[in-house]
Trainee: 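So that we are looking at the same thing, I have put the structure below in structure tokens.
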Protein chains: 2
Amino acid sequence: MPTPHYGQPRYRVIADQLRERIESGSIPPGSLLPTESALTSEFRASRGTVRQAIAVLREEGLVTTEHGRGTSTRPITLGHDSKQAAKSDNERFEIAADADIAKLFGVEIGTILIGQQQVHRRNGVVESVVRGYWLHRPGQ
Amino acid sequence: MPTPHYGQPRYRVIADQLRERIESGSIPPGSLLPTESALTSEFRASRGTVRQAIAVLREEGLVTTEHGRGTSTRPITLGHDSKQAAKSDNERFEIAADADIAKLFGVEIGTILIGQQQVHRRNGVVESVVRGYWLHRPGQ
DNA sequence: AGAAATTTGTCCGTATGTATC
DNA sequence: AGATACATACGGACAAATTTC
């Protein structure tokens, strides 16, 4: 079989479908995703492709993977309050756009955006903090 | 050949070496990294492993990759002037730590940090904004 | 303008190592 | 100890974007 990936690559299509299940609640927060081999059978894709799809969700912060255990969904913490102590080093939240951000996106100040904060540590010590912002559901 | 990855996996070792070259200036900002096939020969690793190593650097924001062109180290705009900053989608600046950030780093509020903002566009439209923060001269 | 070469992107199949149950 | 599941690594093949000639 050739490698036709008209439009979207397979791993993104698979990632989209899995994201759909997670966000629709079909796969509840905190529960395990199907195993890699199960997804391999279901989507008739190679394991590498399935793993690539899962990697997409992991980068988005939607799931976490534990060696030898599996990949599980993680709840999105909405209504983030800055004083709220973060339990995780990777959390999602909603936040109102400040002047800078609002101008960049071309929206009004205060528009609600999706934010994600990721804390990077080395030997337990915080090395850097990265925050990403984007609009709800940009055409992907 | 077996797959021994005692201690660190190969792709991380390769990533570490490449990072070293970038930070030492051996690969200057804005210049192209060796091609994947060149790295494959040099490190005697498979292309997949080399690509995984590059992916690490990409996640760290050290390099950017363009289809058909190559992977280049990110040009660092040591900018501080807002006029130049406004023109670029990638600017560095200094900023005082707010309560949130200060707590994460374990420093006092108001401590001066390095910040970097990167604007990601698709077809000219802002898709996301990423802000990173870290201390001056971390171990490295 | 266009063809060829270069380079990254995607996908497959397989094998082996390592962690968890 | 055995079964299950994720992590790493290899090699090959074709697709797509860019650069070069």
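Convention: sequence-line order gives letters A, B, ...; per-chain numbering from 1.
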Trainee: Whole-Å distance between D:dC10 C1' and B:I14 CD1?
Mentor: 12 Å
Trainee: Counting only side-chain N and O atoms of A:Y11, is one of them less than 4.0 Å from OP1 or OP2 of C:dT10?
Mentor: yes
Trainee: Is any side-chain N or O of A:R12 closer than 4.0 Å to OP1 or OP2 of C:dT10?
Mentor: no
Trainee: Run B:S26 and B:S24 through side-chain hydrogen bond (donor to acceptor under 3.5 Å, both in side chains) and show every step you take.
Mentor: CA-CA 5 Å; B:S26 165; B:S24 72; 4.7 Å; no
Trainee: Identify the two heavy atoms, one from B:G30 and one from B:T73, that lie closest to each other, and give their separation to 0.1 Å.
Mentor: N-OG1, 2.7 Å
Trainee: Could you identify which residues cluster with B:L62, counting Ile, Leu, Val, Met, Phe, Trp and Tyr as linked when any side-chain heavy atoms lie under 4.5 Å apart, either directly or through a chain of such contacts?
Mentor: B:I14, B:L18, B:I22, B:I27, B:L33, B:L39, B:F43, B:V50, B:I54, B:L57, B:V63
Trainee: Taking all non-hydrogen atoms of both residues into account, name the closest pair between B:Y133 and B:L113 and its distance.
Mentor: CB-CD1, 4.4 Å
Trainee: Nearest whole Å is fine: how far is D:dC6 C1' from A:L39 CG?
Mentor: 13 Å
Trainee: Between the protein and nucleotides 4-8 of chain C, which nitrogen or oxygen pairs are less than 3.5 angstrom apart?
Mentor:
{"residue": "C:dT8", "atom": "OP2", "partner": "B:E36", "partner atom": "N", "Å": "2.9"}
{"residue": "C:dT8", "atom": "O4'", "partner": "B:G68", "partner atom": "N", "Å": "3.4"}
{"residue": "C:dT8", "atom": "O2", "partner": "B:H67", "partner atom": "NE2", "Å": "3.0"}

Trainee: Using atom CG of A:L32 as one end and atom P of D:dT4 as the other, report the distance to the nearest whole Å.
Mentor: 16 Å
Trainee: Just how far, in rounded Å, is C1' of C:dC11 from CZ of A:F43?
Mentor: 16 Å
Trainee: Would you check if A:E59 and B:E59 make a side-chain contact, meaning some heavy-atom pair closer than 4.5 Å?
Mentor: yes
Trainee: For A:V130, enumerate each residue passing the side-chain contact (heavy atoms from CB on, under 4.5 Å) test, keeping only those at least two apart in sequence or located in another chain.
Mentor: A:H120, B:V130
